[in-house]
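Quick note on labels: first sequence line is chain A, next is B, and so on, each numbered from 1.
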Protein chains: 2
Amino acid sequence: MARMSAADRRSALIEAALRVVSREGLAQATTRAIVAEAGMSLASFHYAFESRDELVDELIGAVVARERKAVAPEELVAAAGEGATLAELVEAGLLRYFEHLRADPEHEQAMLELTQYALRSPERHPLAVAQYERYAELVVEALEAAAALTGARWRLPVEHVARVLVAFTDGLTITWLVDRDDAAAARVVAAAADALSRMADPR
Amino acid sequence: MARMSAADRRSALIEAALRVVSREGLAQATTRAIVAEAGMSLASFHYAFESRDELVDELIGAVVARERKAVAPEELVAAAGEGATLAELVEAGLLRYFEHLRADPEHEQAMLELTQYALRSPERHPLAVAQYERYAELVVEALEAAAALTGARWRLPVEHVARVLVAFTDGLTITWLVDRDDAAAARVVAAAADALSRMADPR
DNA sequence: GACGAACTGGGACAGTTGACCCAGTCGCCT
DNA sequence: AGGCGACTGGGTCAACTGTCCCAGTTCGTC
């Protein structure tokens, strides 16, 4: 392996770890599997990280930090049409997320596993909380943009609406990962969009 | 350890395994941890089961089979009041589930972990599918009873409605396990009940 | 009470895993 | 060019885990 700085090595290992976790699950993401994926020796691992636990913690932090807006509101308007209602916009956004899930199911499965892992120990629980706060944050932006675009007003604090949407999204994710039923997922999306849009007053 | 039949031993081990998984997670549910919980020796384990994998598969089957109606419709009527609407009944049912979740979060977390474990290997995927089919089945019964009690009629096949409700329930579960925010959970419940009840025509 | 089969306990073993150590090599700075 | 600190590779270790074996014990049946 070529020489690289400790910082580069850390991120290379984190990338490799994410690939291993996605492909084979967290339990199979041993130090050896990760360094093999990254093409390094075991010593490099412990040169860059104190322990496997430290890497997993960083991995969670990294995936959370990288989580990007799945939806740019402008695109949604393009997708949903010019005079789209709030419900239509929300539905278009959920469908966008669903496409993302279908394109890379293993990634979402990895996220779920990382959440569960974090939930298992008190000192890591905050990582899971941060992960979901990040989700909520992204959703808040989207919901505000959607309301602005349609002239609607959220009747509840938008953070509350976002939290509900995050829950719906999670349910959609798990159930689809289990049954891979696209039509059923579409019904969840429609119901969620309907419920969500009722939390706002139209313009 | 007293003598017991292989069948008794199998179920005792499965019970013990469920306790270990709930308390410490699937990864920590080693053969030794399980027999310690059951108060047996390691040899008894492999006398009763071919392998740890076999036990885990049986465990999934067992928890799925044991999954009982969380809600008896009559109780819900009592809880929601005599002239309750469909939406109120659905909400009462969801709240009943939520109380169950609050009373034993570790159990629901264990169920989630078992699902994810099953999702990870093709030959076990059907176990997860069966698990969710069982959930849907229970929900179907409840939804039909609720519709009958209020004289409402589901506009979609009730199986479709059930699948949506299962997804909402999962989302509620995960997000609450993460943030333990009861008020936020109540909002999810209300939104879900609203969305669901719109899938029916009132009497 | 004797007998065979069912059952049990303790120990053993090989494979895996996280961690680490040390001798060596490389790249940068002076 | 030389030196020093950063980095690397390979080997090693103890702990843990799943599995298995075997000598012994206990139970139901005759």
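Classification of the A:Tyr132-A:Tyr135 ring pair by plane angle, with boundaries at 30° and 60°, yields perpendicular.
Spacing between atom OH of A:Tyr47 and atom P of C:dC26 amounts to 16 Å, rounded to whole angstrom units. Rounded to a whole Å, the CD atom of B:Glu54 is 12 Å from the P atom of D:dC20. Distance B:Leu26 CG to D:dT17 P: 13 Å, rounded to the nearest Å.
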Reading nucleotides 17-22 of chain C 5' to 3', which nucleotides get B (base under 4.0 Å from a protein heavy atom), which S (sugar-phosphate only), which -? BBB-B-
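Between A:Ser22 and A:Ala110 the shortest heavy-atom distance is OG-CB, 3.7 Å. Of all non-hydrogen atoms in B:His46 and B:Ser51, the two that sit nearest each other are CE1-CA, 4.2 Å. The two residues A:Leu114 and A:Ile60 have their closest heavy-atom pair at O-CD1, 3.9 Å.
A salt bridge is defined here as a Lys NZ or Arg NE, NH1 or NH2 lying under 4.0 Å from an Asp or Glu carboxylate O, and A:Glu58 with A:Arg10 meets this definition. A salt bridge is absent between A:Glu133 and A:Arg163; no separation between the charged side-chain nitrogens and carboxylate oxygens falls under 4.0 Å. Salt bridge status for A:Glu137 with A:Arg134: present, with a side-chain N to carboxylate O gap under 4.0 Å.
A:Ala147 is linked by a side chain to side chain contact (heavy atoms under 4.5 Å, CB included) to A:Trp154, counting only residues two or more places apart in sequence or in another chain.
For DNA chain D, no neighbouring residue in residues 10-22 of chain B is found when judged by any heavy atom under 4.0 Å.
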